[in-house]
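FYI, the numbering just counts along the sequence from 1.
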Amino acid sequence: MKLYGRTEELGLLSEAMQRKPNLVLVRGRRRVGKTTLITHAMPPGGVYLYVDQKKTEAGLLEEFETVLRRELGLPDYVRIQDWGQLYDLMFSHDRTFAIDEFQRLRAVSQSAIMQLQNKWDTKGQGSKTCLVLSGSNVGMMKKIFIEAGAPLFRRARHDLALKPLSFGECRRMMADLGVSDVTEQARLYAIFGGIPFYYALLEGARIGTWKDALKEAVLNPLSPLKNEVRDTMVESFGKDHPSYYAIISAIALGKTTKKEIADFSGIKESSLSPYLYDLENLVDVISYEVPVTEPKKWRTRRGRFVLKDNFFRFWFRYIFRNMSYFEEEEYGYLQDAVSEDMNSFMGPAFEAISREFLLVMDKQKKLPFKISEIGRWWSRKGDEVDWVIKCQSTDTIALVECKWSEKADSEKILGELMAREKLVEHKRKKVVYVIIARGFKSKTDGALCFDMEDISKSLGGL
């Protein structure tokens, strides 16, 4: 698979592979592109091994023996009969070795990981070997590497956690699929988010619009993403996945506080924090937000949990709520439901795209202010501002409204923003108003107005 984006990650991983001895951890959710990144970063002579949990221990060792014999030019009499011998062989060579889906070894062999701990401590740290270990099962990777007392706790010198790609990074993938219009790209991104594999599924298909892509990947009898949400939870959290699934279901249905999530999921409120931490920081499908103007964000009770992953939002909004139609393969009904609701669904995704756009514009020094912090704002009464920007200048604040509208009324939107500004808790003398829309009837002089053409030019203009 072609590598898109990941320029920084590729550089970091390539550099880490040159340092020997070294133990490198690459982790991230299913489909995020770990294998593609590793194979592109691998230096000449690097050896890639994949853990297939369907194989027996003997079968897996036999496969690894075959790969190592070929890649290392070993004589036929070399045999690998246990994991200790495998690691001894690796640590006797000046090479980079990658073991993909490493956490699956726990299911294949009880001793494989403990033997690695022993061999790394006694031989690996004195070798000329770089060992790269990657995994998708977040819960298992924590138990192997991250938690205190884990077998390989603090052994990894580098820990690279892959996040989904940004909209700007995904645009090249969409262009290669034949979708070059930025508005159509935004719709695709709203559904599939920044997971490279989802776009790879569309290669070779005739897609010109988001509807074509949806039909190809989700709404057909052979849909490759039919069980994606469930499979992602199983891959990430193993036997604990039902609890995580219940929590995501609660958030998707508008339960935004710990108490609401606990009541819906049946998990005690006092026990929620570890689950929420994993979903936010390790799998990156939810986020915890507090109003950006809160002076003590770590203490406020005004925070809320939101579902940030685009495909999860799509799936819970249209499939989860209509599972009977989905299982009965009433795809025409679901396609119509999505089509009728698409403009409404675009809201959160367009806000995220707009935030990305503003941060890139700030980096390019194309804004009349310097961003020091950007976040959402809302009041207890329900008033909201999409983005409030704290500027480097202590005298300036910027209020941003995002509208997925082709003919946005900038004068009306400006009036609404000015009214809400009086409710925002700030002490700045100067207020800048920003309106970002799909398109405008006309642009007012009272605000900075940006449309999709501006976004296209700034975010990886093609």
[X] and [Y] ion-paired at < 4.0 Å:
{"X": "Lys259", "Y": "Asp263", "answer": "yes"}
{"X": "Glu401", "Y": "Lys403", "answer": "yes"}
{"X": "Glu228", "Y": "Arg31", "answer": "yes"}
{"X": "Glu425", "Y": "Arg380", "answer": "no"}
{"X": "Lys390", "Y": "Glu373", "answer": "yes"}
{"X": "Arg355", "Y": "Glu351", "answer": "no"}
{"X": "Asp176", "Y": "Lys2", "answer": "yes"}
{"X": "Arg6", "Y": "Glu169", "answer": "no"}
{"X": "Asp409", "Y": "Lys441", "answer": "yes"}
{"X": "Lys443", "Y": "Asp451", "answer": "yes"}
{"X": "Arg29", "Y": "Asp284", "answer": "no"}
{"X": "Glu294", "Y": "Arg302", "answer": "yes"}
{"X": "Glu406", "Y": "Arg438", "answer": "yes"}

Given side-chain contact (heavy atoms from CB on, under 4.5 Å), test Arg230 with Asn227 step by step and report yes or no.
-> CA-CA 6 Å; Arg230 186 203 65 189; Asn227 299 314; 3.8 Å; yes
Passes salt bridge (Lys or Arg N to Asp or Glu O under 4.0 Å), Arg428 versus Glu421? Steps please.
-> CA-CA 11 Å; Arg428 311 296 175 98; Glu421 181 268 326; over 6 Å; no
Polar side-chain atom of [X] near backbone of [Y] as donor-acceptor pair, under 3.5 Å:
{"X": "Asp181", "Y": "Glu184", "answer": "yes"}
{"X": "Asp212", "Y": "Gly208", "answer": "yes"}
{"X": "Thr36", "Y": "Leu3", "answer": "no"}
{"X": "Ser223", "Y": "Leu219", "answer": "no"}
{"X": "Arg106", "Y": "Ile113", "answer": "no"}
{"X": "Arg376", "Y": "Val388", "answer": "no"}
{"X": "Asp383", "Y": "Ser379", "answer": "no"}
{"X": "Ser271", "Y": "Ile267", "answer": "no"}
{"X": "Ser410", "Y": "Thr444", "answer": "yes"}
{"X": "Asn281", "Y": "Tyr277", "answer": "yes"}

Going by atom types only, do [X] and [Y] share a side-chain donor-acceptor pair under 3.5 Å?
{"X": "Glu101", "Y": "Ser134", "result": "no"}
{"X": "Ser456", "Y": "Arg171", "result": "yes"}
{"X": "Ser273", "Y": "Lys258", "result": "yes"}

Cation-pi, Trp377 ring and Arg420 (6.0 angstrom, 45 degrees) | no
Can you measure from [atom1] ([X]) to [atom2] ([Y]) and round to the nearest 0.5 angstrom?
{"X": "Ser354", "Y": "Phe167", "atom1": "OG", "atom2": "CZ", "answer": "10.0 Å"}
{"X": "Leu359", "Y": "Met361", "atom1": "CG", "atom2": "CE", "answer": "11.5 Å"}
{"X": "Ile247", "Y": "Asp278", "atom1": "CD1", "atom2": "CG", "answer": "9.0 Å"}
{"X": "Leu214", "Y": "Leu334", "atom1": "CG", "atom2": "CG", "answer": "9.0 Å"}
{"X": "Met173", "Y": "Glu203", "atom1": "CE", "atom2": "CD", "answer": "9.5 Å"}
{"X": "His40", "Y": "Ser14", "atom1": "NE2", "atom2": "OG", "answer": "10.5 Å"}

Is the number of heavy atoms from other residues, nucleotides or ligands within 6.0 Å of [atom1] ([X]) greater than 12?
{"X": "Asp445", "atom1": "CG", "answer": "no"}
{"X": "Tyr331", "atom1": "OH", "answer": "yes"}
{"X": "Glu8", "atom1": "CD", "answer": "no"}
{"X": "Lys163", "atom1": "NZ", "answer": "yes"}
{"X": "Gln392", "atom1": "CD", "answer": "no"}
{"X": "Lys226", "atom1": "NZ", "answer": "yes"}
{"X": "Lys20", "atom1": "NZ", "answer": "yes"}

Nearest non-hydrogen partners of [X] and [Y], listed with the distance:
{"X": "Leu307", "Y": "Val285", "answer": "CD1-O, 3.2 Å"}
{"X": "Gly193", "Y": "Tyr199", "answer": "O-OH, 2.6 Å"}
{"X": "Val47", "Y": "Met42", "answer": "O-CE, 3.8 Å"}
{"X": "Ile261", "Y": "Phe305", "answer": "CD1-CD1, 4.0 Å"}
{"X": "Arg321", "Y": "Arg317", "answer": "CD-O, 3.5 Å"}
{"X": "Ile397", "Y": "Ile389", "answer": "CG1-O, 3.2 Å"}

Take the angle between the ring planes of Tyr245 and Phe316 and call it parallel below 30°, perpendicular above 60°, tilted in between.
-> tilted
Taking the six-membered ring for Trp, is the centroid-to-centroid distance between Phe145 and Phe153 below 6.0 Å?
-> no
Would you please indicate if the ring centroids of Phe314 and Phe192 are separated by under 6.0 Å?
-> no
Begin from the C-alpha positions of Val24 and Met17 and carry the test side-chain contact (heavy atoms from CB on, under 4.5 Å) through to its verdict.
-> CA-CA 8 Å; Val24 182; Met17 288 181 176; 5.8 Å; no
Worked verdict on Val132 versus Ile38 for side-chain contact (heavy atoms from CB on, under 4.5 Å) = CA-CA 8 Å; Val132 180; Ile38 290 170; 4.3 Å; yes
Exactly one of Phe312, Tyr189, Phe311 clears ring pair (Phe, Tyr, Trp, His ring centres under 6.0 Å) with Tyr198, and that residue is Phe311
Test item: Ser243 and Tyr275 side chains (from C-beta on) under 4.5 Å apart, heavy atoms | yes
Verify salt bridge (Lys or Arg N to Asp or Glu O under 4.0 Å) between Lys34 and Asp100, making sure each step is shown before the conclusion.
-> CA-CA 9 Å; Lys34 299 181 296 299; Asp100 202 357; over 6 Å; no
Please report the C-alpha distance between Phe369 and Ser393 in whole Å, then the side-chain angles of each, then the deciding distance to 0.1 Å, and finally whether the side-chain contact (heavy atoms from CB on, under 4.5 Å) criterion is met.
-> CA-CA 8 Å; Phe369 48 78; Ser393 167; over 6 Å; no
